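A, B, ... follow the sequence lines: proteins, then strands. Residue 1 opens every chain. Everything quoted here is computed from the prediction, not taken from an experiment.
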2 protein chains.
Amino acid sequence: MTAPDRRRRMSTITDVAREAGVSVATVSRALRGLDRVSPRTRERVFKVATELDYVASPTATSLASGRTQVVGVVAPFLTRWFFATLVSSIEKTLRQHGHHVLLFDLEDDTYDQRLPLSQNMLWKRVDGVITLNLPLTVQELELVDRLGLPLVAIGTPVADRPNVRIDEDLAMRTATEHLVSLGHERIAYIGTVPSNAAHIQTPQARLDAFRDVMRAHGLQEHPDWILESDWTADSAASDTRTLLASADRPTALAAASDEMAMGAMAAARAEGLRVPEDLSVIGVDDHVLSNVLGLTTVRQDVAAQGREAAEILLRALGVDTPGGSTSAVVVPTELIVRASTAPPPPST
Amino acid sequence: MTAPDRRRRMSTITDVAREAGVSVATVSRALRGLDRVSPRTRERVFKVATELDYVASPTATSLASGRTQVVGVVAPFLTRWFFATLVSSIEKTLRQHGHHVLLFDLEDDTYDQRLPLSQNMLWKRVDGVITLNLPLTVQELELVDRLGLPLVAIGTPVADRPNVRIDEDLAMRTATEHLVSLGHERIAYIGTVPSNAAHIQTPQARLDAFRDVMRAHGLQEHPDWILESDWTADSAASDTRTLLASADRPTALAAASDEMAMGAMAAARAEGLRVPEDLSVIGVDDHVLSNVLGLTTVRQDVAAQGREAAEILLRALGVDTPGGSTSAVVVPTELIVRASTAPPPPST
DNA sequence: CTGAAAGCGCTTACAG
DNA sequence: CTGAAAGCGCTTACAG
């Protein structure tokens with residue numbers, strides 16, 4: 001299965017030292033740009049290193065220095081748009097600064113649990129970790145502490161560690177206000193999470209914001225119109241079906257994510273309802289497909305969140321990086337009105 | 001930014017040896033399950049190791065053994081569903097066998113090029129690599145050879161390395177036949193790739209299959225009805241817009257991916273066409289959202305491809321793994337008829 | 001500015 | 001079955 005063995009012996013720091021006529025210590029200093037190396041020596045070392053295609057063995061460097069130049073990225077899922085987008089932007093940011101990402105997808109086969117973060121995933125393997133919307137257990141946090149790893153959390157906060165996210169409250173408030181401003185009074189919400197889903201953080205803030213806005217406008221909140229979902233489009237379609245089929249149904253639906261909004265739109269159409277004429281739907285995210293589907297949404301810049309988190313972590317690792325924040329950043333959101341929202345149908 | 005320093009000195013193999021009253025060599029053998037260790041000794045070593053929370057330093061193990069237990073996964077994009085799904089299933093499969101994934105997203109800011117795979121991404125960092133739909137340049141292949149790394153390619157083949165994929169020809173043949181069987185004669189195709197997109201493999205096989213089926217049924221192929229796209233939904237929407245707006249338009253569209261099919265459906269609706277009454281659309285993939293969008297498609301099991309590739313690689317690394325193939329596997333596809341295809345409108 | 005040497009924490013022949 | 005020792009390829013005080 002392997003091609004003919006063209007494997008070549010890679011050159012080591014010793015080869016470079018011999019060839020350049022200096023000690024390995026000097027090679028090490030020269031190549032890493034430390035001071036106290038004469039310009040002439042440095043130049044010669046670089047030249048030889050290039051000729052020999054020398055690249056320091058990361059494995060040896062790590063053992064000696066205690067640093068691996070890799071950061072662990074931990075996600076509860078990977079296949080959902082939000083997470084994939086984060087991973088992509090984190091990877092790019094880290095790579096620009098000579099760091100790499102070791103990826104951990106903690107999704108398990110069972111719905112109500114996930115894999116735990118363990119010592120052998122992290123120990124001497126990563127210099128730090130970034131969590132993606134992942135509430136850590138006490139044991140996990142203890143582990144990270146014990147290993148002395150800096151951590152930054154995107155979305156769901158982790159203890160007092162630096163956190164990058166959007167203003168959840170504001171996002172859902174914006175979405176709900178938009179529906180209200182169109183004249184809707186009968187508004188449903190989808191996005192509470194079954195309490196047994198240990199690995200999904202209940203976005204309580206979003207639901208609270210929805211309720212606040214309803215209350216502020218003196219609108220009646222209908223208990224049966226607060227829907228639970230596992231946040232996929234497929235499940236949202238079935239989660240909303242019954243509600244949309246009933247005669248006494250809402251004229252608008254606020255979904256806590258675009259994927260759920262898409263599911264709801266599908267369910268509406270399946271019930272013969274037109275969007276937005278019979279039902280307005282709004283989401284949160286601005287998923288890649290939202291534009292093409294004409295979904296009104298509150299946009300969050302996911303790539304920016306990944307970038308910010310990576311930069312904060314790099315700074316904690318002592319890497320010189322643009323940007324100043326070191327503890328918390330809230331990325332702005334923006335209402336994007338498309339074709340899925342409109343005034344309610346004239347009441348009959 | 002870091003929490004109070006609860007960092008603890010982690011125990012090393014020397015600690016375990018001392019505590020168990022044996023040499024480090026014996027600890028090493030015992031813990032790795034090598035033979036030539038007496039049951040009693042092994043038991044004692046395990047006990048002590050557990051007590052001390054000992055986990056071998058991967059960094060030291062790697063330096064000594066030359067193996068890192070990590071495999072590099074290289075993708076041209078990460079945010080697209082296909083790639084994220086692959087990465088997720090690869091990660092899970094590898095982890096079950098004690099391996100980890102180091103992720104490389106080669107997408108660049110510019111559209112017409114991508115980042116190259118370099119020595120310092122791979123050298124002493126990974127034991128093998130899996131490429132995701134990524135044609136390797138000669139230099140890159142040479143590099144991988146020189147480093148002696150086993151490689152398995154998903155999708156786009158890489159030289160004579162093991163390859164996991166679907167039967168491209170069959171998939172598009174199935175899609176096209178489905179349209180023809182419904183009575184369509186005026187069929188367009190979207191999915192050729194701009195030749196400057198170095199990092200996307202032109203899926204020539206799919207286009208060829210489309211043409212073959214058209215020809216086999218004596219159907220006229222209209223040159224303007226073969227559309228180029230960068231394979232995103234957004235671009236497909238604009239790529240198809242002009243064609244769908246014209247009076248002389250097709251009654252059906254075969255898209256080489258579901259994301260493009262979604263874009264085309266959106267464009268059709270924007271032009272006031274009904275799907276499937278005025279235009280049938282079929283894709284290839286069975287994207288997570290295809291079900292909810294009612295898209296007819298030819299399903300490919302992406303997770304299975306990731307799993308197969310990971311298992312082939314593990315076997316090449318000498319890891320005992322279920323399954324037998326060691327060189328090539330073709331994962332089956334399946335037509336899934338949903339609501340986006342129907343017989344053509346009665347000709348006027 | 002440069003070198004000799006210890007050390008990072010394992011694995012792996014080699015003896016016994 | 002077990003141990004002593006070399007070796008993996010760097011980095012980092014410590015001298016000079």
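OP1 or OP2 of D:dT11 has at least one side-chain nitrogen or oxygen of A:S28 nearer than 4.0 Å. Between C:dT12 and B:R32, a contact under 4.0 Å exists linking OP1 or OP2 to a side-chain N or O. B:S38 has a side-chain polar atom (N or O) that falls below the 4.0 Å cut-off from OP1 or OP2 of D:dT2. A close approach under 4.0 Å does occur between a side-chain nitrogen or oxygen of B:S23 and OP1 or OP2 of D:dG3. For the pair B:T26 and D:dG3, the criterion of a side-chain N or O lying under 4.0 Å from OP1 or OP2 is met.
Side-chain atoms of A:S327 never come within 3.5 Å of backbone atoms of A:P162 as a donor-acceptor pair (strictly under, hydrogens ignored). The backbone N or O of B:P76 lies less than 3.5 Å from no partner atom in the side chain of B:R114, so there is not a single donor-acceptor pair.
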### Task
For the pair A:V74 and A:M121, evaluate side-chain contact (heavy atoms from CB on, under 4.5 Å) and give the outcome as yes or no after the intermediate values.
CA-CA 10 Å; A:V74 193; A:M121 293 180 185; over 6 Å; no

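For the pair B:L63 CG and C:dC8 P, the interatomic distance rounds to 14 Å; values are reported in whole Å. Summarising the geometry, the separation between CG on A:L34 and P on D:dA13 is reported as 11 Å, rounded to the nearest angstrom. Between the NZ atom of B:K124 and the C1' atom of C:dT11 there is a distance of 13 Å, rounded to whole Å. Computed from coordinates, the A:R36 CZ to D:dA13 P distance equals 14 Å when rounded to whole Å. Put simply, CG on A:L31 is 14 Å from P on C:dT2, counting in whole angstrom units. Protein atom CZ of B:R67 is 13 Å distant from nucleotide atom P of C:dT11, rounded to whole Å. Whole-Å rounding puts the A:R40 CZ to C:dC1 P distance at 13 Å. Put simply, CH2 on B:W123 is 12 Å from C1' on D:dC10, counting in whole angstrom units.
Side chain of B:R29, nearest nucleotide from D:dC10, D:dG3, D:dC8: D:dG3. Checking D:dC10, C:dT2, D:dT12 against the side-chain heavy atoms of A:A25 singles out D:dT12 as nearest. With C:dG9, C:dC10, C:dC1 as the choices, the nucleotide that has an atom nearest any side-chain atom of B:Y54 turns out to be C:dC10. Comparing D:dT11, D:dG3, D:dT2 against the side chain of A:A64 picks out D:dT11 as the nearest.
Scanning both residues, B:V331 and B:Q305, for their nearest heavy atoms gives CG2-CG, 3.5 Å.
Heavy-atom nearest nucleotides on DNA chain C were determined for A:R42 and for B:S65, and the one closer to the 5' end corresponds to A:R42.
Among the protein residues, A:T41 comes within range of the sugar-phosphate backbone only, with heavy atoms under 4.0 Å from sugar or phosphate atoms but none that close to a base.
For A:R40, the CZ atom counts as loosely surrounded, since its 6.0 Å shell holds 12 or fewer non-hydrogen atoms of other residues, nucleotides or ligands.
Pairing partner, D:dG16: C:dC1, with both Watson-Crick or wobble hydrogen-bond distances short of 3.5 Å.
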